Amino acid sequence: MTALDIQRIRADFPILKREVHGRPLVYFDNAATTQKPQAVIDALVEYYSTYNANIHRGIHALAEEATARYEATRQSVADFIGAPSADCIVFTRNTTESINLVAHAWGRKNLQPGDEIVLSAMEHHSDIVPWQLLAQATGARLRVLGIDDEGRLLSDDIERLIGEKTKLVAVTQMSNVLGTINPVEQIAELAHQQGALMLVDAAQSIPHMPVDVQALGADFVVFSAHKMLGPTGVGVLYAPRDLLEEMDPFLTGGEMIRRVTYEDSSWNDVPWKFEAGTPNIGDVCAFSASLDYLSDLGMENVRAHEIDLVTVAMRRLSQIEGVTIYGPRNPEDRGGVVAFNLDDVHPHDLATVLDQHGVAIRAGHHCAQPLMGRLDVVATARASFYVYNSEEELDALVEGIEAAARLFRAPVPTRA
Ligand code: 7TS
């Protein structure tokens, strides 16, 4: 059983006390964004009420304090993911911006006509569209690793498609729809054997399981603070320092320069070379509180708790007539995400009924339209879990789905 004290954790999240449509809130939309503990909310308030100032420029006490706290968060992020040093950590707005940064700053400089970028069939749009535009701009082409019927990457494709033309492999460590956990360590090794670089989209993995970026062997790792109890507006790009140094700037302007004349400019050291303009200081500083919170819980415990919840959720959903669950059957092979459909009930209708029961899920294509095509559906419902979710909350999910089944199932025609 789980080592997390769920009731104690729940008490730290003020939003969980509220009701929705007269029912207790059951928040199962954590893959979209997570709720924030009081410690993170307090850290934001503390920033704006006690040390708000612009960073890296003022010679006054507040500016020095804000700079120190912002840079201390960079170190906390490095420690949390096992990065060798804080200068491997670039702050962006979100995972999407981190991927765009790599596509522009590394991709435009290094790709040529005929080069290949290998993705997987379960990527989020933010790990597809930047590469598509990069391919169009450089003459490179995209290759896509296929999946089997349980939503696992085809190992034959991994062997076949990663070859000497490959310059970059960009794969999610955990699918936001199927929950599949991909063998990114092995893929990174194959990519490196071919002289290619590896980008790991860790938006759904770093918040939910222990991840050590050095053990992964990836060149770029990207994720978002808001999916791990932190504020919105903060993303991370991890890359080894020498790789960051070789890259061109992405956004340009203040902060990222060393010297500017009308003829030419030179760049600041990494990681500041990639942080143009005033960054999201308050949210970065508050992100530190969410990292502390997760570290105190222990990422092994977070992972174990989600395996428990997914095991029960899959068992209970599969007992409901007409429910199809997507992704790996073995809960150990997946993260805390269960995507499903109920007969031909539209997932939006299902989500509306669940909302009436106080249960927040996501319904739609989950920013993974090509994957929907592969699953041969237009959309799915999706329940996604986190540290404050309990087994008891699954009752409300099951009751809501059963209510939707009663509501939408065509009545059996009676004989005249
Ligand atoms: N990559 C994956 C695997 C994701 O799940 C998401 C967001 C992103 C990238 C983009 O993150 P962002 O912070 O830049 O928006 N996924 C979802 C989701 O599943 N529902 O809403 C957002």
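Here the structure is a predicted model, which means the values were calculated and not measured.
- To the nearest 0.5 Å, atoms CZ (Arg143) and CD (Glu116) are separated by 4.5 Å.
- Of the listed residues (His365, His366, Arg362), just one forms a side chain to side chain donor-acceptor pair (under 3.5 Å) with Thr380, and that residue is His366.
- Around the CG atom of Asp296, the shell of radius 6.0 Å holds more than 12 heavy atoms that belong to other residues, nucleotides or ligands.
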Residues Arg406, Glu402; criterion salt bridge (charged side-chain N to carboxylate O under 4.0 Å, His left out); working and verdict: CA-CA 6 Å; Arg406 285 192 297 275; Glu402 285 172 346; 5.0 Å; no
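- Heavy atoms only, all atoms of each residue included: Asn341 and Ala381 are closest at OD1-N, 4.0 Å.
- Put simply, the side chain of Glu64 never gets that close to the backbone of Ile59: no donor and acceptor are under 3.5 Å apart.
- A donor-acceptor pair under 3.5 Å links the side-chain atoms of Asn280 to the main chain of Gly233, judged by distance alone.
- Checking side-chain atoms of Arg8 against main-chain N and O of Ile6 turns up no donor-acceptor pair under 3.5 Å.
- In this pair, Tyr51 and Tyr47 present their aromatic rings perpendicular. The plane angle is above 60°, beyond the 30 to 60° band.
- Annotation: His305 is not in aromatic contact with Phe385 [ring centroid separation under 6.0 Å not met].
- Look at Glu306 and Arg334 and you find no salt bridge, because none of the NZ, NE, NH1 or NH2 atoms lies under 4.0 Å from a carboxylate O.
- Interatomic distance, Asp157 CG to Leu161 CG, rounded to the nearest 0.5 Å: 5.0 Å.
- Looking at His56 and Glu71, their side chains do bring a donor and an acceptor atom within 3.5 Å of each other.
- The environment of CZ in Arg57 is crowded: more than 12 heavy-atom neighbours from other residues, nucleotides or ligands sit within 6.0 Å.
- Taking the side chain as every heavy atom from C-beta outward, Thr138 and Leu134 approach each other to under 4.5 Å.
- Put simply, the side chain of Glu185 never gets that close to the backbone of Ala215: no donor and acceptor are under 3.5 Å apart.
- Between Ala170 and Asp127, the shortest heavy-atom distance links the atoms O-OD2, 3.3 Å.
- In this structure, CG on Leu62 lies 13.5 Å from CD1 on Ile55, to the nearest 0.5 angstrom.
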With salt bridge (charged side-chain N to carboxylate O under 4.0 Å, His left out) as the test, would you mind laying out the steps for Arg258 and Asp269 before giving the verdict? CA-CA 8 Å; Arg258 180 172 312 289; Asp269 290 336; 2.7 Å; yes
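- With respect to Pro130, the side chain to side chain contact (heavy atoms under 4.5 Å, CB included) criterion is satisfied by exactly one of Leu101, Asn100, Thr96: Asn100.
- Every residue was checked against the side-chain hydrogen bond (donor to acceptor under 3.5 Å, both in side chains) condition with His125, not counting sequence neighbours, and none meets it.
- Listed for the Arg241 side chain is no donor-acceptor partner under 3.5 Å among the backbone atoms of Val270.
- Counted by atom type alone, Thr34 and His226 present zero donor-acceptor pairs between their side chains at under 3.5 Å.
- For the atom pair CH2 of Trp106 and CG of Leu243, the computed distance is 8.5 Å after rounding to the nearest 0.5 Å.
- When all heavy atoms are compared, the tightest approach of Pro328 to Met314 is O-CE, 3.5 Å.
- Other residues, nucleotides and ligands contribute more than 12 heavy atoms inside 6.0 Å of the CD atom of Gln319.
- Counting all heavy atoms, side chain and backbone alike, Val40 lies closest to Leu229 at CG2-O, 3.5 Å.
- Between Glu391 and Arg316 there is no salt bridge, since no side-chain nitrogen of the basic residue lies less than 4.0 Å from a carboxylate oxygen of the acidic one.
- Judged by distance alone, the side chain of Arg382 and the main-chain N or O of Asn176 form a donor-acceptor pair under 3.5 Å.
- Between Lys109 and Asp248, at least one side-chain N (NZ, or NE/NH1/NH2) sits under 4.0 Å from a carboxylate O, which counts as a salt bridge.
- Gly400 approaches Val353 most closely through the heavy-atom pair O-CG1, 3.8 Å.
- Within the 3.5 Å criterion, the main-chain N or O of Asp87 finds no donor-acceptor partner in the side chain of Arg74.
- In this structure, Phe408 CZ and Thr352 OG1 are separated by 7.0 Å, a value rounded to the nearest 0.5 Å.
- Glu65 and Tyr70 share no donor-acceptor pair across their side chains, judged by distance under 3.5 Å alone.
- Counting non-hydrogen atoms of neighbouring residues, nucleotides and ligands closer than 6.0 angstrom, the CD atom of Gln214 exceeds 12 such neighbours.
- Judged by distance alone, the side chain of His346 and the main-chain N or O of His348 form a donor-acceptor pair under 3.5 Å.
- Within a 6.0 Å sphere centred on CD of Glu245, heavy atoms belonging to other residues, nucleotides or ligands number more than 12.
- Judged purely by distance below 3.5 Å, without hydrogens or angles, the side chains of Asp219 and His192 pair a donor atom with an acceptor atom.
- Asn330 contributes a side-chain N or O that, together with a main-chain N or O of Glu332, makes up a donor-acceptor pair within less than 3.5 Å.
- Note: Tyr388 and Phe13 meet the aromatic proximity criterion, with ring centroids under 6.0 Å apart.
- With respect to Val184, the side chain to side chain contact (heavy atoms under 4.5 Å, CB included) criterion is satisfied by exactly one of Leu199, Asp201, Val200, Leu153: Val200.
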Before you tell me yes or no, could you show the steps for Glu46 and Arg69 under salt bridge (charged side-chain N to carboxylate O under 4.0 Å, His left out), namely the whole-Å CA-CA distance, both residues' side-chain angles and the distance that decides it to 0.1 Å? CA-CA 12 Å; Glu46 186 199 0; Arg69 299 279 286 260; 3.1 Å; yes
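- In this structure, a donor-acceptor pair under 3.5 Å is present between the side chains of Asn54 and Thr278.
- Between Ala121 and Gly146, the shortest heavy-atom contact is CB-CA, 4.3 Å.
- A salt bridge between Asp156 and Arg160 is absent, with no side-chain N of the basic residue lying under 4.0 Å from a carboxylate O of the acidic one.
- No donor-acceptor contact under 3.5 angstrom links the side chains of Asp115 and Asn110, judged on distance only.
- Although no hydrogens or angles enter the test, the distance criterion places no donor-acceptor pair under 3.5 Å between the side chain of Lys167 and the main chain of Ile117.
- Between atom CG of residue Leu394 and atom CD1 of residue Ile401 there is a gap of 9.5 Å, rounded to the nearest 0.5 Å.
- Side-chain atoms of Ser205 and Gln173 include a donor-acceptor pair closer than 3.5 Å.
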